[in-house]
> 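Would you mind keeping the following structure in view while I ask a few things?
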Amino acid sequence: MFGLRTSHKELVDRIINRLIEGGAQVLLIPHVFGTGPNSESDVNASREVLASLAPTLTPYLTMVSGDFDQHELKAIIGSCSFFIGARMHACIAALSQTIPAVGLAYSPKFRGVFNSVGLSDQVLDLRSAETQEIVARILDAFRNRANLHRLLIENVPGVRRRVLSFFDHLTEPVLDTPVAR
């Protein structure tokens, strides 16, 4: 549907394997909770990933399960030291909390979000990049996560100020005319 250059399942499996080989603990965080047989569901996709990986990896891999709202999911993402996301709003949740992130992009919108915090080079376009390149760049970002975190600590407050300044002119009520009842 998105014209991805590589198999998303193969890519995710390879990323998880390489991160765990490097000593990481991996937490799968579903962000879309579709219901029904044909709905889009990160829960179902995460369960498929768990089922397909070697049992020797299970001590290093877990999945968030439960009925969480967007605030609770953001808090869970905020507990991570590094984040890889294919959902733009999940990446925003990480970046806004200064969590180093890599965006697995299927849309040009990712680049603008990451660019706003100085991390445009952490967007990997799944429509053009090969699996080997994506995995290598993720591992590099993971090793460099402390520097990425420092960069986010420097840049995110300015982004917050700019976003909030959009509302500075709203000192008076927005409605100029009375509301008919």
Side-chain angles (χ1 to χ4, degrees), residues 1-95 97 99-111 113-114 119 121-146 148-149:
M1 178 167 81
F2 296 108
L4 305 183
R5 189 166 188 163
T6 185
S7 160
H8 193 70
K9 167 118 180 53
E10 177 190 327
L11 175 64
V12 169
D13 288 355
R14 190 161 320 162
I15 291 167
I16 290 171
N17 274 286
R18 293 294 307 277
L19 285 169
I20 290 174
E21 286 171 10
Q25 294 281 326
V26 176
L27 176 63
L28 301 176
I29 306 172
H31 201 256
V32 172
F33 299 90
T35 57
N38 296 324
S39 67
E40 196 172 336
S41 171
D42 292 349
V43 173
N44 294 341
S46 296
R47 286 184 182 141
E48 287 175 20
V49 167
L50 284 172
S52 71
L53 293 170
T56 57
L57 300 179
T58 54
Y60 311 99
L61 174 66
T62 192
M63 177 183 136
V64 171
S65 59
D67 188 20
F68 298 104
D69 67 23
Q70 70 274 18
H71 304 290
E72 293 166 320
L73 283 172
K74 184 175 180 180
I76 292 167
I77 291 169
S79 72
C80 299
S81 63
F82 183 73
F83 187 79
I84 304 164
R87 299 284 186 188
M88 189 175 65
H89 288 99
C91 290
I92 292 169
L95 296 170
Q97 299 180 89
I99 305 302
V102 171
L104 300 178
Y106 55 88
S107 157
K109 293 183 280 185
F110 276 76
R111 190 153 315 277
V113 168
F114 277 75
L119 292 183
D121 59 335
Q122 298 306 315
V123 175
L124 305 176
D125 192 333
L126 299 180
R127 298 165 301 168
S128 60
E130 297 285 346
T131 300
Q132 185 174 343
E133 174 193 358
I134 294 168
V135 173
R137 291 197 43 208
I138 287 171
L139 294 174
D140 184 52
F142 181 72
R143 286 187 292 270
N144 193 34
R145 67 189 179 278
L148 296 173
H149 178 66

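What you see is a predicted model, and the numbers here were worked out from it, not measured in a lab.
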> For a 4.5 angstrom cut-off between non-hydrogen side-chain atoms, does P100 reach Q122?
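A side-chain contact under 4.5 Å is absent here.
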
> Which pair of non-hydrogen atoms, one from V123 and one from A105, has the smallest distance, and what is that distance?
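Closest heavy-atom pair between V123 and A105: CG1-CB, 3.6 Å.
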
> Using the side chain to side chain contact (heavy atoms under 4.5 Å, CB included) definition, which of the options I29, L28, I77 pairs with V64?
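For V64, the side chain to side chain contact (heavy atoms under 4.5 Å, CB included) test succeeds with only one of I29, L28, I77, which is I29.
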
> List for me each residue that meets salt bridge (Lys or Arg N to Asp or Glu O under 4.0 Å) alongside D121, sequence neighbours excluded, and say none if there are none.
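None.
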
> Indicate yes or no for a side-chain donor-acceptor contact from N144 to the backbone of D140 under 3.5 Å, with no hydrogens or angles considered.
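Answer holds: no.
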
> Taking only residues two or more places apart in sequence or in another chain, which ones pass side-chain hydrogen bond (donor to acceptor under 3.5 Å, both in side chains) with R14?
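By the side-chain hydrogen bond (donor to acceptor under 3.5 Å, both in side chains) rule, R14 matches E10.
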
> I'd like to check the ring-ring contact (aromatic ring centres under 6.0 Å, His included) partners of F82; sequence neighbours left out, ordered by chain and number.
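Listed in chain order: F142.
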
> Got a sec, which residues hit ring-ring contact (aromatic ring centres under 6.0 Å, His included) with F114, two or more places apart in sequence or on another chain?
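Scan of F114 (ring-ring contact (aromatic ring centres under 6.0 Å, His included), adjacent residues dropped) gives none.
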
> Taking all atoms of both residues into account, what is the closest heavy-atom pair of Y60 and A24, and its distance?
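Y60 and A24 have their closest heavy atoms at CB-O, 4.0 Å.
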
> Going by side-chain contact (heavy atoms from CB on, under 4.5 Å), name the residues that satisfy it together with I92, two or more places apart in sequence or in a different chain.
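Counting only residues at least two positions away or on another chain, I92 forms a side-chain contact (heavy atoms from CB on, under 4.5 Å) with M88, H89, V113.
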
> Looking at Q97 and K74, would you say the former's side chain and the latter's main chain have a donor-acceptor pair under 3.5 Å?
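It does hold such a pair.
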
> Check M63 against L27 and note the closest heavy-atom contact, atom names and distance.
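Shortest heavy-atom separation between M63 and L27 comes out as C-CD1, 4.2 Å.
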
> Of all heavy-atom pairs between C91 and G85, which one has the smallest distance, and what is that distance?
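Taking every non-hydrogen atom into account, SG-O, 3.5 Å.
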
> According to salt bridge (Lys or Arg N to Asp or Glu O under 4.0 Å), does anything in residues 16-29 pair up with another residue at least two apart or in another chain? List the pairs.
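Qualifying pairs, neighbours excluded: R18-E21.
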
